[in-house]
Number of protein chains: 2
Amino acid sequence: MNQHFSYTNSARRDSPAYIRAVDSHLILSNIRRQVNLEPEEEAFLLAILVPAAFKQGELVQPAGEVTRSMIHVNTGCLMTYYSDRDGDEKVIQFATVGWWTGDLHSLTTHEPSVFETRALADSTIFFLPGVRMDELMSRYPVFERYFRITFQNSLVTHQKRIIQAYSFTAEERYDDFQKKYPQLEQFVPLKYVASYLGITPEFLSKIRRKRAHK
Amino acid sequence: MNQHFSYTNSARRDSPAYIRAVDSHLILSNIRRQVNLEPEEEAFLLAILVPAAFKQGELVQPAGEVTRSMIHVNTGCLMTYYSDRDGDEKVIQFATVGWWTGDLHSLTTHEPSVFETRALADSTIFFLPGVRMDELMSRYPVFERYFRITFQNSLVTHQKRIIQAYSFTAEERYDDFQKKYPQLEQFVPLKYVASYLGITPEFLSKIRRKRAHK
DNA sequence: GATTGACCTTGAACCAGGTTAAGAACAGAG
DNA sequence: CTCTGTTCTTAACCTGGTTCAAGGTCAATC
């Protein structure tokens, strides 16, 4: 990772209260798309969300530690990736506005995380601490329902990506990426796009060149 | 698909009641590993499960129809796969004892299913009809919780498979397959193993040959 | 016991995509 | 303005995996 990307100290991450006021609209309306919330449930949720702001390039969640939170993107864009045996970074997800991300494996098992999450643009997020999330769900089953639906949908998306990985060519996956994230290519370094597509930056270059000539 | 595989008529699928008695142990103990069940909750679940038996090679759920059920494997082994543009079958999951499978996308969206599920060995299963599943979850939040946990775990597994697809060689994936499904290779046609690994049967042959020589 | 069809294997030619190495374009810091 | 690090591209070569075609094995069926 380049030198401009440095791990933010915790003082920076304690962001001003106005973030909550500004962004809680979005997360609430997202949740309401799946389930109905009582005022009390809403209030409880908002009370346990931890707002934070990150500048482009900053590390949101490091690898190697036990993950303690899920992450909800309010504004901006994050990416979640891991380093393989050769130290190459492999992007497994871009999380844009309204998405959840983080290391679900580490959150579930309390093993040190493999994935790392980083801001690709200036971003505001909510952390939802795992302990609080458990509390939230056991106290208000509506959230159990919300996350059941969310995970179910995400599972479908992941199945699609497995299919793509196995039976689409790199070029077809690039097409699909452009459709799925229309604006992303403008500000995400291409090497991360290549990584997400499971190819080398060089090969992505070839594809793009071929495209340009048509 | 070979000619021995024919779609079972519905008379055959209406299996004897003893299947329920024999197999309900397993599903209940699986669920109890994640959540505690009250007698009433158990009773309701058992009342809506639809037992069925399939012989090796029989189609459990066809592609092209709207999926109306999840599938739980009690004994035996199923595979879920889809046909790509060239008509090649791509295996996306082997479901062994205690696993859930089916076409989650179709169940959720009510679009015609893309995936097809077939018995790889003589198997007994439970269908859990989608409507009943919704009813089950809204009536007893404990099931909402159970499926939330199940989907969450499955999501982690899917993430691992995406990583494998992108950064492991075919041989490494074969290793992993053998660890994950130790006995499966004995009775599953190798072409399906190859398909699951995302390679051609020919290339799997080569890997196996190389192995044998060491 | 001969035929048929499914499955598995082999080998040769081929291709999608990786590797290596080098240069070009660009941005930020001094 | 220049130095330095980073990203993106180009090109030559390499390789893991595919394709195609053929032969071998086994089980089911007549």
Side-chain angles (χ1 to χ4, degrees), chain A residues 1-6 55-58 79 81 84-91 118 120-122 164-178 184-213, chain B residues 1-6 55-59 79 81 84-91 118-122 164-178 184-213:
Chain A
M1 190 54 66
N2 85 46
Q3 63 179 31
H4 303 128
F5 287 176
S6 58
K55 299 227 170 211
Q56 180 182 12
E58 284 181 340
M79 69 172 180
Y81 59 93
D84 71 5
R85 293 155 300 183
D86 310 327
D88 295 341
E89 287 167 356
K90 307 273 184 175
V91 176
R118 194 176 286 278
L120 279 173
D122 293 358
Q164 284 193 352
Y166 283 126
S167 56
F168 284 23
T169 65
E171 195 166 349
E172 289 168 326
R173 279 176 271 149
Y174 181 48
D175 280 343
D176 203 76
F177 163 81
Q178 290 183 317
L184 221 60
E185 206 173 341
Q186 315 311 321
F187 70 92
V188 172
L190 286 177
K191 61 174 187 166
Y192 296 136
V193 175
S195 169
Y196 176 82
L197 296 175
I199 58 177
T200 56
E202 290 90 339
F203 191 62
L204 179 54
S205 249
K206 277 184 205 171
I207 295 176
R208 284 161 56 80
R209 188 187 177 198
K210 202 173 121 196
R211 278 294 155 87
H213 286 186
Chain B
M1 186 57 63
N2 84 46
Q3 65 180 31
H4 302 130
F5 288 176
S6 59
K55 298 227 171 211
Q56 179 182 14
E58 284 182 338
L59 192 57
M79 69 172 181
Y81 59 93
D84 70 6
R85 293 155 300 185
D86 309 327
D88 296 339
E89 288 167 355
K90 306 274 184 174
V91 176
R118 194 175 285 278
L120 279 174
D122 293 358
Q164 284 193 352
Y166 283 127
S167 54
F168 285 23
T169 65
E171 197 167 347
E172 290 167 325
R173 278 176 272 150
Y174 181 49
D175 280 343
D176 203 76
F177 163 81
Q178 290 183 316
L184 221 59
E185 206 173 341
Q186 315 312 320
F187 69 92
V188 172
L190 285 177
K191 62 175 187 167
Y192 296 136
V193 175
S195 169
Y196 176 82
L197 296 175
I199 58 177
T200 56
E202 291 91 337
F203 192 60
L204 179 55
S205 245
K206 278 175 201 171
I207 294 175
R208 285 162 54 81
R209 188 187 177 197
K210 203 174 121 196
R211 277 297 153 84
H213 286 187

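Just so it is clear: chains get the letters A, B, ... in the order the sequence lines come, proteins before strands, and each one is counted from 1.
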Can you measure [X] atom [atom1] to [N] atom [atom2] for me and round it to whole angstrom units?
| X | N | atom1 | atom2 | result |
| --- | --- | --- | --- | --- |
| A:Lys210 | C:dA16 | NZ | P | 8 Å |
| B:Lys206 | C:dT10 | NZ | C1' | 8 Å |
| A:Arg173 | C:dA16 | CZ | C1' | 10 Å |
| A:Phe203 | C:dC15 | CZ | P | 14 Å |

Please state whether the phosphate of [N], meaning OP1 or OP2, lies under 4.0 angstrom from any side-chain nitrogen or oxygen of [X].
| X | N | value |
| --- | --- | --- |
| B:Thr200 | D:dT18 | yes |
| B:Arg209 | C:dT9 | no |
| B:Arg208 | C:dC8 | no |

### Query
Closest to the B:Pro189 side chain: C:dC8, D:dC8, D:dG17?
C:dC8
#### Entry: Nucleotide nearest A:Glu202 (side chain, heavy atoms from C-beta), chosen from D:dG17, C:dT20, C:dG18
C:dT20
### Query
Is B:Asp88 paired with B:Lys191 through a side-chain N to carboxylate O contact shorter than 4.0 Å?
no
### Query
Does B:Phe177 reach the side chain of B:Leu184, with side-chain heavy atoms less than 4.5 Å apart?
yes
### Task
May I ask you to test the A:Ile199-A:Ile207 pair for a side-chain heavy-atom distance under 4.5 Å?
yes
